[in-house]
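Below is one structure, written out as structure tokens, with a few remarks after it.
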Amino acid sequence: MKKLLVANWKMQKTFNESIDFAHNHASALKNIMQKSQHEIVICPTFPTLFTLANALKDTRIKVGAQTVSRHASGAYTGQVAAQTLAEAGCTFCIIGHSETRKYQHESNVDIEHKCKELLKNNITPIICIGESKEALEQGRTFEILHDQLSLILQAIAEFNHDVERFVIAYEPTWAIGTGSIPKTDDLTKIFAWLHEQCAQKTKTSFSLLYGGSVNQQNAADTLNITHVDGLLIGGASLHFDSFCAIIDAHIGWEE
Ligand code: PGA
């Protein structure tokens, strides 16, 4: 089955490092994409998007942004509109990442607006949700996920244009960059619940990703969990070898 593997490069690579990654590994990336029917998306920093999209144009790898403005246009210094992202060759965009929620004070209402802007511009939103360690320990995971998801699902259900697809990435904040990932039983329950929520509340097709300390050791097992349609990968996507090992683990899993 086709899976969606999204590399979140955060602010970890410079422009030159990002483009070198594509150029240095162009033929290997092309081979990988020929072996695999899966979708791979790389999300670099804003100024890198256009050049990286061009550098990857012979592969089927797509590029995505890491955030977007909630506004269509106007006097919003420092922000980037969804239409600009689309014109730069971007077909996916992460919103609601725990780091933008924390450092850029992105609220659930901002995320709802951003989601609508992306949908209007035919960019597939990758909406991140996830509980903190504290919420986990208080047994509030489903309550937090419900709060983060409800406005988004309502906005998608009410959106009055055709929406091809949306993506939800479950990323518990305590799993990001820490090396710990949730137990398989917990992920099984969470993904069953997420699938039910998305299917009940919208008529749009969707993919569900797991993110947080994904690596080549845990990728195949995580992708085997029912309703996990792909992965959002941070640290392990920065190095060609570990990124490929995740894709290969996955190809192995598929065969
Ligand atoms: P990580 O990051 O894979 O390094 O934990 C994932 C993310 O923040 O999207």
Side-chain angles (χ1 to χ4, degrees), residues 3-14 17-18 21 38-46 48-49 52 61-68 90-106 111 114-115 118 123-133 135-136 141 144-145 148-149 152 166-184 186-187 190-191 194 207-223 225 228-250:
K3 298 280 181 179
L4 173 61
L5 304 179
V6 182
N8 177 10
W9 280 356
K10 309 190 180 188
M11 206 177 72
Q12 306 277 27
K13 280 188 193 291
T14 65
E17 286 165 353
S18 306
F21 182 98
H38 312 300
E39 260 183 306
I40 297 186
V41 180
I42 298 182
C43 302
T45 55
F46 278 142
T48 314
L49 277 169
L52 190 69
I61 299 175
K62 297 175 184 150
V63 296
Q66 299 173 15
T67 186
V68 65
C90 172
T91 48
F92 286 80
C93 180
I94 297 171
I95 51 176
H97 191 280
S98 68
E99 288 151 14
T100 48
R101 288 180 192 259
K102 181 172 171 192
Y103 300 121
Q104 296 174 29
H105 312 292
E106 196 182 31
I111 296 161
K114 291 178 180 196
C115 183
L118 293 172
I123 297 176
T124 304
I126 302 172
I127 305 131
C128 300
I129 58 173
E131 82 285 4
S132 64
K133 184 84 184 162
L136 172 77
T141 298
I144 302 289
L145 297 184
Q148 292 175 335
L149 208 54
I152 283 289
F166 65 97
V167 179
I168 302 290
Y170 170 60
E171 293 208 307
T173 63
W174 54 270
I176 296 176
T178 59
S180 353
I181 82 161
K183 294 193 194 82
T184 302
D186 292 337
L187 286 177
I190 288 167
F191 277 85
L194 286 173
S207 307
L208 302 178
L209 309 184
Y210 169 74
S213 294
V214 170
N215 59 32
Q216 59 203 77
Q217 281 79 39
N218 59 33
D221 286 347
T222 308
L223 285 167
I225 296 172
V228 173
D229 304 312
L231 302 168
L232 181 53
I233 312 150
S237 71
L238 294 171
H239 305 286
F240 183 71
D241 290 348
S242 49
F243 190 38
C244 283
I246 292 175
I247 300 167
D248 274 343
H250 179 213

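Order of listing sets the numbers, starting from 1, for every ligand and every atom in it.
For the pair R101 and I129, the minimum side-chain heavy-atom distance is below 4.5 Å.
Qualifying side chain to side chain donor-acceptor pair (under 3.5 Å) partners for T45, counting only residues two or more places apart in sequence or in other chains: T48. Not a single salt bridge (Lys or Arg N to Asp or Glu O under 4.0 Å) links K13 to another residue, sequence neighbours left out.
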Determine all donor-acceptor pairs shorter than 3.5 Å in which one atom belongs to a side chain in residues 232-246; sequence neighbours excluded.
from : atom 1 : to   : atom 2 : distance (Å)
S237 : OG     : I233 : O      : 3.2
S237 : OG     : G234 : O      : 2.7
S242 : OG     : A236 : O      : 2.9
S242 : OG     : H239 : O      : 3.2

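When only modelled atom types and interatomic distance are considered, E171 and H97 share a side-chain donor-acceptor pair under 3.5 Å.
Judged purely by atom type and a 3.5 angstrom limit, Q148 uses its side chain to pair as donor or acceptor with the backbone of G130.
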Contact table ligand 1 N or O to protein N or O, d under 3.5 Å:
from     : atom 1 : to   : atom 2 : distance (Å)
ligand 1 : 2 (O)  : K10  : NZ     : 3.4
ligand 1 : 3 (O)  : G234 : N      : 2.9
ligand 1 : 4 (O)  : G235 : N      : 2.9
ligand 1 : 5 (O)  : G177 : N      : 2.6
ligand 1 : 5 (O)  : S213 : N      : 2.8
ligand 1 : 8 (O)  : K10  : NZ     : 2.6
ligand 1 : 8 (O)  : H97  : NE2    : 2.7
ligand 1 : 9 (O)  : N8   : ND2    : 3.4
ligand 1 : 9 (O)  : H97  : NE2    : 3.2
ligand 1 : 9 (O)  : E171 : OE1    : 3.3
ligand 1 : 9 (O)  : E171 : OE2    : 2.7

